[in-house]
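Single-structure report; data block below.
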Number of protein chains: 4
Amino acid sequence: MEPPVSQPLQAIQGAGTSAKSPDCRRRRSQSHQAILTAATELLEEKGYAGVCIEAIAQRAGVGKQTIYRWWPCKAAVIMEAYATQSDQAIALPHTGSIKADLLEILGQITRVLTQTPAGLVIIGLLAEAQTDLKVAEAFQQQFVTQHRTITRTILANGIERGELRPALNVEVAIDMLFGAVWYRLLLNISHSIKSLSKS
Amino acid sequence: MEPPVSQPLQAIQGAGTSAKSPDCRRRRSQSHQAILTAATELLEEKGYAGVCIEAIAQRAGVGKQTIYRWWPCKAAVIMEAYATQSDQAIALPHTGSIKADLLEILGQITRVLTQTPAGLVIIGLLAEAQTDLKVAEAFQQQFVTQHRTITRTILANGIERGELRPALNVEVAIDMLFGAVWYRLLLNISHSIKSLSKS
Amino acid sequence: MEPPVSQPLQAIQGAGTSAKSPDCRRRRSQSHQAILTAATELLEEKGYAGVCIEAIAQRAGVGKQTIYRWWPCKAAVIMEAYATQSDQAIALPHTGSIKADLLEILGQITRVLTQTPAGLVIIGLLAEAQTDLKVAEAFQQQFVTQHRTITRTILANGIERGELRPALNVEVAIDMLFGAVWYRLLLNISHSIKSLSKS
Amino acid sequence: MEPPVSQPLQAIQGAGTSAKSPDCRRRRSQSHQAILTAATELLEEKGYAGVCIEAIAQRAGVGKQTIYRWWPCKAAVIMEAYATQSDQAIALPHTGSIKADLLEILGQITRVLTQTPAGLVIIGLLAEAQTDLKVAEAFQQQFVTQHRTITRTILANGIERGELRPALNVEVAIDMLFGAVWYRLLLNISHSIKSLSKS
DNA sequence: GAATAACCGAGACGGTACGTCCAGTCTTGAA
DNA sequence: TTCAAGACTGGACGTACCGTCTCGGTTATTC
């Protein structure tokens with residue numbers, strides 16, 4: 001009955017938790033959920049940088065150790081909280097036009113990053129990922145890989161259908177598309193972020 | 001004879017110190033330099049996240065207060081240390097071809113970010129800028145504005161000369177160009193960063 | 001098995017900790033003792049004014065927070081250290097003569113104040129008590145009340161037995177007796193403190 | 001025309017200022033007075049412990065150095081401020097009766113200590129005197145010697161006139177009289193301080 | 001009347017200690 | 001056996017003052 005542990009946690013914990021103990025995580029009880037809820041609340045109240053493990057534990061009515069037992073650091077908790085709460089699945093669009101598909105997916109991502117509280121959280125995580133390799137990997141997996149994969153499919157389709165030049169370097173194109181979005185987000189550039197056109 | 005106060009400091013200290021006192025900020029003596037030197041050394045030894053104000057003060061043989069007197073936070077010290085040490089001026093290239101010019105400038109930036117210790121420092125600063133608005137502004141001024149301005153000139157030239165479509169959204173183009181570079185840098189993407197083509 | 005918390009601490013911590021938690025203040029372990037020991041040593045080495053919380057923490061191999069957790073200030077630590085170490089109980093004398101009893105008790109107090117290192121510590125505490133009400137109360141309780149009580153008994157006996165005038169204002173008499181001792185102590189008067197006669 | 005430097009200053013500065021410089025203290029200007037005034041004000045606003053040299057300097061519109069030039073420490077400034085402001089001369093009373101004279105002088109002292117702001121200042125000074133020998137000497141001179149001298153005269157008169165036993169140890173008697181007053185002051189004993197009778 | 005001191009305000013400086021926050025680990029007692 | 005509660009060491013924070021030390025810019029005699 002135990003639901004599988006969410007991905008970001010595993011990603012950060014590395015090794016894999018399968019061989020841990022006979023009844024690995026026997027009584028995860030409500031604590032687990034309480035922690036994620038507390039983290040989410042605090043995130044909204046104080047922003048990423050303002051949250052600390054102690055506060056999460058206190059708010060969740062949980063011992064600090066219980067948090068450290070399951071997550072290696074603040075970023076891990078928060079990534080899981082984020083994953084749980086807003087299941088930010090990006091859907092592969094099917095508008096029929098490559099260009100429209102790209103605009104659609106970029107629009108979806110941009111919307112999440114700039115119009116929901118999640119955006120600031122993600123930035124906080126990205127900042128932390130610069131320092132901590134484990135966080136970086138988890139971040140990649142959670143917020144990057146999927147998007148790139150979908151986009152790669154779209155572009156491949158475009159090339160196949162002849163809408164894009166066959167010589168197009170797909171990876172670089174992806175970098176430029178997402179790069180522009182992230183770049184503006186991270187540098188607080190104020191001029192309109194909506195006007196995305198060329199490929 | 002006093003050299004003008006370097007920019008990043010001023011940028012972070014905000015408002016502008018011009019109206020402050022007749023000789024605005026007297027005699028920073030050797031301490032000032034010692035602090036920047038110490039910061040640079042520590043940066044190289046421990047990386048951005050591993051540096052703390054106390055350590056800088058100790059290494060520089062300086063009271064902590066002397067640091068806090070002139071800089072509001074770690075990021076400010078480090079930005080000035082960086083600016084002092086590596087005068088990372090990006091030169092406007094004149095290769096004759098728009099494409100070559102762009103590759104040249106992107107190459108310069110990429111080189112600094114990926115092949116010098118400065119790269120990691122800059123990433124640390126960018127991470128911190130996400131939390132602290134003052135740092136963000138200074139960062140922008142130090143590491144972004146200039147590059148964008150130069151690139152904007154190149155693209156404008158290109159349009160004028162007919163090498164680029166007149167309808168090109170210059171700002172978005174710049175976002176995509178720099179975005180790609182920063183994006184890879186921040187996400188540690190390992191596949192080659194050299195293969196840049198389209199405009 | 002836990003020995004009861006010593007009085008001066010409680011006195012300074014104020015209100016009373018009885019309603020705090022089931023086992024009110026768990027496990028002070030060795031740290032507690034280490035802190036008191038360190039405080040005592042430093043007291044002997046540098047005198048009251050030369051001791052600081054940071055030094056106590058360092059010497060005791062303890063985090064500063066552990067000190068602040070249990071004591072509100074330097075004075076509190078030192079009073080407890082003093083109380084622990086030298087159980088300066090003043091015994092009710094029974095020489096048979098009121099005058100001799102008084103001389104005996106004053107002699108005891110004088111001895112502690114002038115011939116042991118404790119004297120200087122107590123002076124330091126008294127000086128600090130002038131600034132901090134909590135310290136003042138604790139000081140009173142630790143170094144004054146008991147002495148006055150005993151002396152009050154002696155004087156009452158004396159009146160009962162007819163050795164002293166019934167009209168004697170007992171409180172004022174106590175003030176004068178102890179006052180003389182403290183007065184000399186605080187003002188470093190050098191002429192002999194032994195010559196005590198009248199009542 | 002230069003008025004002689006007030007006593008507490010000299011007392012604390014020790015050595016004597018006579019041989020200092022040709023026109024020793026040439027232009028003491030208004031600064032000197034401004035400092036004392038500032039000290040007095042701050043004393044009333046924040047109490048002895050709340051005053052610091054920097055605040056005095058700032059309030060007086062004076063460089064810190066100017067204070068250090070003339071006084072060695074906070075206590076010295078404050079003693080002079082006190083001496084200047086409230087010229088707390090205790091007058092030798094002549095009521096005709098020894099007992100009345102003593103009550104009169106004790107009453108005067110008690111009044112100053114308990115019913116004027118000066119009382120708290122003096123306590124602060126006494127506390128500091130415990131740490132600093134120089135302060136102790138100046139304190140003695142300022143607040144003790146004179147009183148003792150006057151009282152000694154009264155008691156000697158009393159013995160001469162036969163109102164007091166010739167065997168009376170005058171010094172101890174003085175200790176007890178003043179001791180009682182100071183003792184109550186320092187220990188914040190609340191029961192009436194007015195009821196002083198026996199000798 | 002100009003030159004020359006001492007003096008002064010301002011405040012930078014190296015330091016020491018403060019009291020607080022949080023990380024990550026360890027311990028206890030109740031369930 | 002698991003957990004909440006929270007004590008523990010440790011490190012850094014940013015602040016407050018200390019007492020010393022330059023700075024320029026007044027004064028106030030002295031030549």
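Atom set for the values below is all heavy atoms of this structure, side chains included, hydrogens, waters and symmetry mates excluded. Letters go in sequence order (proteins before strands), and every chain restarts at 1. Keep in mind it's a predicted model, so treat the numbers as computed, not measured.
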Parallel, tilted or perpendicular, as decided by the 30° and 60° cut-offs, for the rings of A/Trp70 and A/His32: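 Because their plane-to-plane angle lies in the 30° to 60° range, the rings of A/His32 and A/Trp70 count as tilted.
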
From [atom1] of [X] over to [atom2] of [N], roughly how many Å is that when rounded to an integer?
X: D/Ile67; N: E/dC8; atom1: CD1; atom2: P; value: 12 Å
X: D/Gln30; N: F/dT26; atom1: CD; atom2: P; value: 15 Å
X: C/Glu128; N: E/dA17; atom1: CD; atom2: C1'; value: 13 Å
X: A/Gln58; N: E/dA23; atom1: CD; atom2: P; value: 12 Å

Salt bridge present between D/Glu128 and D/Lys134 (N-O < 4.0 angstrom):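 Looking at D/Glu128 and D/Lys134, the cut-off is not met.
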
On DNA chain E, does the nearest nucleotide to A/Val51 precede the nearest nucleotide to C/Ile53 from the 5' side, or the other way round? Give the residue.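 First, find each residue's nearest nucleotide; the 5'-ward one identifies C/Ile53.
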
Let me know, please, whether D/Gly61 or C/Tyr68 comes out on the 5' side of the other along DNA chain E by nearest nucleotide.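 Between the two, 5'-proximity favours D/Gly61.
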
For [N] and [X] - does any side-chain N or O of the residue sit under 4.0 Å from the phosphate oxygens OP1/OP2?
X: C/Trp70; N: F/dC8; answer: yes
X: D/Thr66; N: E/dC8; answer: no
X: D/Arg69; N: E/dC7; answer: no
X: D/Ser31; N: E/dC7; answer: no

Of the options E/dA23, F/dC18, F/dC21, whose atoms approach the side-chain atoms of D/Gln65 most closely?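 In terms of side-chain proximity for D/Gln65, the closest of E/dA23, F/dC18, F/dC21 is F/dC21.
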
What nucleic acid atoms does D/Lys64 come within less than 4.0 Å of, heavy atoms only: base, sugar-phosphate, or nothing?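 Result for D/Lys64 = base.
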
Nearest heavy-atom pair of C/Met79 and C/Leu125: which atoms, and what distance?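 Taking every non-hydrogen atom into account, CG-CD1, 3.4 Å.
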
Salt bridge (Lys or Arg N to Asp or Glu O under 4.0 Å), that's the test. Do C/Glu45 and C/Arg59 meet it? Break it down for me. CA-CA 12 Å; C/Glu45 288 169 26; C/Arg59 169 85 55 117; 2.9 Å; yes

Hey, which sits more toward the 5' end of DNA chain F by its nearest nucleotide, B/Ala55 or A/Gly63?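 Counting from the 5' end, the first nearest nucleotide belongs to A/Gly63.
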
